[in-house]
Participant: 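Below is the structure I would like to discuss, written out as structure tokens.
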Amino acid sequence: MVKLRRTMMYVTGNNPANIMEAHLYGSDSIMFDLEDSVSLKEKDSARFLVYNALKTMDYGNVETVVRINGLDTQFGRDDLEAMVRAQPDIIRLPKTETKQDIIDVDNMISEIEKQVGLEVGSTKIMAAVESPLGVMNAYEIATASKRLVAIAIGAEDFVTNMKTTRSPEGIELLAARSNLLMAARAAGIYALDTVYTNIKDDEGFMDEVKLIKQLGFDGKSVIHPRQIGMVHKIYTPTEKEIRNAVRIVGAIKEAESKGSGVIALDGKMIDGPVVDRAYRVLELAKASGVYKEEEQND
Ligand SMILES: CC(=O)SCCNC(=O)CCNC(=O)[C@H](O)C(C)(C)COP(=O)(O)OP(=O)(O)OC[C@H]1O[C@@H](n2cnc3c(N)ncnc32)[C@H](O)[C@@H]1OP(=O)(O)O
Ligand SMILES: O=C([O-])CC(=O)C(=O)O
Ligand SMILES: [Mg+2]
């Protein structure tokens with residue numbers, strides 16, 4: 001079954017109550033933050049708190065991610081030492097700029113895995129790209145390590161580095177988003193979009209989610225539980241889309257049984273890519289719990 005990463009909820013690493021309850025809100029992943037939402041004087045206590053939470057809490061099926069501090073900071077190495085031992089599902093490297101950043105993390109993780117007797121390669125990583133240099137190097141970053149399962153854009157830092165701000169339409173992010181997406185797709189990994197910081201602006205948030213879904217992102221980081229449902233709603237295939245996909249799959253099977261790879265349905269041509277998209281809709285629908293295989297025969 002396809003793995004859903006529609007929502008990855010940030011949880012500040014120094015907030016015990018949120019760390020204990022973050023998995024109860026229904027996001028596909030939760031991301032404990034040791035980086036920018038934690039002040040310098042709280043870095044050590046946040047690391048300790050997140051380490052203990054991962055060791056003792058049962059987060060069930062919710063994927064766990066930790067955003068560490070960059071390895072160019074005084075906290076990065078300690079974060080990595082602790083988090084490889086704590087074993088979240090994924091470690092997220094912020095502000096990734098070059099493939100060497102990933103290779104360095106990969107090598108350090110391998111060392112730690114060997115020290116603690118974990119299988120080398122078992123710790124997965126994702127890279128956040130948050131600067132023009134990172135965007136220019138997106139494909140090299142996306143293919144720098146077998147551990148890499150996803151790349152994400154960090155728009156707040158990106159627009160700051162670009163000497164601009166975020167607009168409602170997101171025109172200033174279009175090139176970066178597109179480049180990152182193509183890098184992820186070419187590398188065969190997930191592409192994740194950035195946070196929307198105005199928690200109260202549902203309309204603006206949903207417009208952004210529709211845009212990034214249309215671009216092709218697998219999902220988005222969120223910062224508040226109330227954003228989760230809105231993303232899932234937009235990302236879950238509708239009944240109409242499912243019905244249409246089922247009909248397409250049925251039509252092409254019938255065509256194939258007659259020795260043809262193309263057929264018309266409702267006046268539209270159905271061939272390979274159309275069928276691939278239909279199967280993708282059904283996979284997402286299955287993973288989202290709104291469709292079961294046997295319904296195809298109904
Ligand atoms: C640019 C960047 O780097 S962004 C990434 C880093 N940023 C973050 O990690 C911030 C994550 N978000 C948060 O910490 C919070 O949502 C805030 C601080 C923005 C707002 O928090 P609050 O003022 O507490 O929001 P609010 O009162 O609406 O919260 C409602 C409930 O949801 C909980 N909640 C809110 N956000 C989160 C979250 N991210 N994770 C888990 N629980 C949360 C609150 O604890 C509260 O629970 P309660 O009802 O049991 O008391
Ligand atoms: O990863 C994110 O979306 C949040 C972040 O750090 C940024 O926008 O700079
Ligand atoms: Mg950032």
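Whatever order the structure lists them in is the order used to number ligands and atoms, beginning at 1.
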Participant: Considering non-hydrogen atoms of the protein only, which is the closest contact for atom 10 (C) of ligand 1, and what is the distance?
Facilitator: Thr12 CG2, 3.9 Å

Participant: For the residue pair Arg67 and Tyr10, confirm or rule out a side-chain donor-acceptor distance under 3.5 Å.
Facilitator: yes

Participant: Under 2.8 Å from the Mg ion (ligand 3), how many protein N, O or S atoms can be found?
Facilitator: 2

Participant: Restricting to ring-ring contact (aromatic ring centres under 6.0 Å, His included), what partner residues turn up for His23, sequence neighbours left out?
Facilitator: Tyr59

Participant: Looking only at heavy atoms, is any part of Met9 under 4.0 Å from ligand 1, and if so is it the side chain, the backbone, or both, or is it neither?
Facilitator: side chain

Participant: Got a protein heavy atom sitting under 4.0 Å from atom 26 (P) of ligand 1?
Facilitator: yes

Participant: Which protein heavy atom lies closest to atom 12 (N) of ligand 1, and at what distance to 0.1 Å?
Facilitator: Ile223 O, 2.8 Å

Participant: Within a distance under 4.0 Å of any heavy atom of Glu156, pick out the atoms of ligand 1 and give their elements.
Facilitator: 1 (C)

Participant: Does Met230 belong to the same Ile/Leu/Val/Met/Phe/Trp/Tyr cluster as Leu211, with side-chain heavy atoms less than 4.5 Å apart forming each link?
Facilitator: yes

Participant: Among Thr12, Asn15, Ile19, which one satisfies side-chain contact (heavy atoms from CB on, under 4.5 Å) with Leu49?
Facilitator: Ile19

Participant: What is the closest protein heavy atom to atom 38 (C) of ligand 1, and at what distance does it sit?
Facilitator: Tyr10 O, 3.7 Å

Participant: Do Ile68 and Ile103 sit in one hydrophobic cluster, given that two such residues count as connected whenever their side-chain heavy atoms are within less than 4.5 Å of each other, even indirectly?
Facilitator: no

Participant: Do Ile151 and Thr96 make a side-chain contact, defined as non-hydrogen atoms from C-beta onward lying under 4.5 Å apart?
Facilitator: no

Participant: Taking only heavy atoms of the protein into account, state which residues are under 4.0 angstrom from an atom of ligand 2, in chain and number order.
Facilitator: Tyr10, Arg67, Arg92, Glu130, Ile153, Gly154, Ala155, Glu156, Asp157, Thr194, Val195

Participant: Any protein heavy-atom neighbour for atom 42 (N) of ligand 1 (distance below 4.0 angstrom)?
Facilitator: yes

Participant: If you count the non-hydrogen atoms of other residues, nucleotides and ligands that lie under 6.0 Å from CZ in Arg77, is the total more than 12?
Facilitator: yes

Participant: Mind jotting down which residue pairs meet the side chain to side chain donor-acceptor pair (under 3.5 Å) criterion with at least one end in residues 134-143? Sequence neighbours excluded, please.
Facilitator: none

Participant: Do Glu111 and Asn107 pair up side chain to side chain, a donor and an acceptor below 3.5 Å, judged on atom types alone?
Facilitator: no

Participant: May I ask you to identify the nearest protein heavy atom to atom 44 (C) of ligand 1, giving residue, atom name and distance to one decimal place in Å?
Facilitator: Asn18 OD1, 3.8 Å

Participant: List the closest protein heavy-atom neighbour of atom 30 (C) of ligand 1: residue, atom name, distance to the nearest 0.1 Å.
Facilitator: His224 NE2, 3.8 Å

Participant: What protein heavy atom lies closest to atom 7 (N) of ligand 1? Include the residue and the distance to one decimal.
Facilitator: Ser37 CB, 3.7 Å

Participant: Do any heavy atoms of Pro225 fall under 4.0 Å from ligand 1?
Facilitator: yes

Participant: Under 4.0 Å, heavy-atom basis, I'd like to know which part of Ile199 is in contact with ligand 1: side chain, backbone, both or neither.
Facilitator: side chain

Participant: Would you please say whether a donor-acceptor pair under 3.5 Å links the side chains of Asn69 and Thr73?
Facilitator: no

Participant: Under 3.5 Å, is there a donor-acceptor pair between the side chain of Asp218 and the main chain of Arg5?
Facilitator: no

Participant: Above 12 or not: heavy atoms from other molecules or residues under 6.0 Å from CE of Met57?
Facilitator: yes

Participant: Donor-acceptor pair, Lys43 side chain versus Val38 backbone, under 3.5 Å?
Facilitator: yes

Participant: Can you list the ligand 1 atoms lying under 4.0 Å from a non-hydrogen atom of Asp33?
Facilitator: 6 (C)

Participant: Are any non-hydrogen side-chain atoms of Pro132 and Met162 less than 4.5 angstrom apart?
Facilitator: yes

Participant: Backbone, side chain, both or neither: what part of Arg67 comes under 4.0 angstrom of ligand 1, heavy atoms only?
Facilitator: side chain

Participant: Report yes if some heavy atom in the side chain of Glu113 is under 4.5 Å from a heavy atom in the side chain of Ile109; otherwise report no.
Facilitator: yes

Participant: Check each atom of ligand 1 against the heavy atoms of Tyr25 and keep those under 4.0 Å away; list them by number with element.
Facilitator: 32 (O), 33 (C), 42 (N), 47 (O)

Participant: Any protein heavy-atom neighbour for atom 17 (C) of ligand 1 (distance below 4.0 angstrom)?
Facilitator: no

Participant: Ignoring hydrogens and geometry, is there a side-chain-to-backbone donor-acceptor pair from Asp78 to Phe75 under 3.5 Å?
Facilitator: no

Participant: Under 4.0 Å and counting heavy atoms only, is there anything from the protein next to atom 34 (N) of ligand 1?
Facilitator: yes

Participant: If we ignore angles and hydrogens, is there a donor and acceptor under 3.5 Å between the side chains of Gln227 and Thr7?
Facilitator: no

Participant: Quick one: nearest non-hydrogen protein atom to atom 50 (O) of ligand 1, plus distance?
Facilitator: Glu21 OE1, 3.9 Å

Participant: Above 12 or not: heavy atoms from other molecules or residues under 6.0 Å from NZ of Lys286?
Facilitator: yes

